[in-house]
Amino acid sequence: MNEVDKLKEDQLMKHLAIYIEDPILNVWHLAILTAILSLGFKQGERQRIKVSRSKIMKLSHINTLPTYHKYFKQLQEIGYIKYSPSYHPGYRSEVELYEKRLSQK
């Protein structure tokens, strides 16, 4: 494994460790956050990650829109993510992982 991949993996594991230790988060939150991190890892992004609802739902194994919307919205309210929707068909929406929330631990 080269150094760049090692740094990406270390950052990914740091995020996951923080998420797992937070008692506020439940299994649905963790599934969504893990899906976002997975997309970011594949894109080589650590902060601003291109997302689509269908990809997050598929990766998180969430099959109903109400469940997805409820827990995705809660992650925004808790302060883990900032969602920037794109209404243009040629541009994907973005999720930004908040470093402030991560650094509070």
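Numbers for residues simply follow the sequence, beginning at 1.
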Less than 4.5 Å apart, any side-chain heavy atom of Leu75 and any of Tyr83? no
I want to check something: taking the side chain as every heavy atom from C-beta on, are Val95 and Phe72 in contact at a cut-off of under 4.5 Å? yes
To check you understand the geometry: which heavy-atom pair defines the closest contact between [X] and [Y], and what is its length?
X     : Y     : result
Ser86 : Ser93 : N-OG, 3.0 Å
His15 : Leu97 : CD2-CD1, 3.6 Å
Leu25 : Tyr19 : CD1-O, 3.5 Å
Tyr68 : Ile62 : N-CG2, 3.8 Å

Does His69 use its side chain to pair, donor to acceptor, with the backbone of Pro66 at less than 3.5 Å? no
Gap between atom [atom2] of [Y] and atom [atom1] of [X] - 0.5 Å precision:
X     : Y     : atom1 : atom2 : answer
Glu45 : Glu94 : CD    : CD    : 8.0 Å
Lys70 : Thr64 : NZ    : OG1   : 10.5 Å
Thr34 : Ile56 : OG1   : CD1   : 11.5 Å

Arg53, CZ: over 12 other non-hydrogen atoms inside 6.0 angstrom: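 Count not over threshold, so no.
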One pair to check against side-chain contact (heavy atoms from CB on, under 4.5 Å): Gln74 and Glu77. What are the steps and the verdict? CA-CA 5 Å; Gln74 285 179 0; Glu77 293 168 353; 4.3 Å; yes
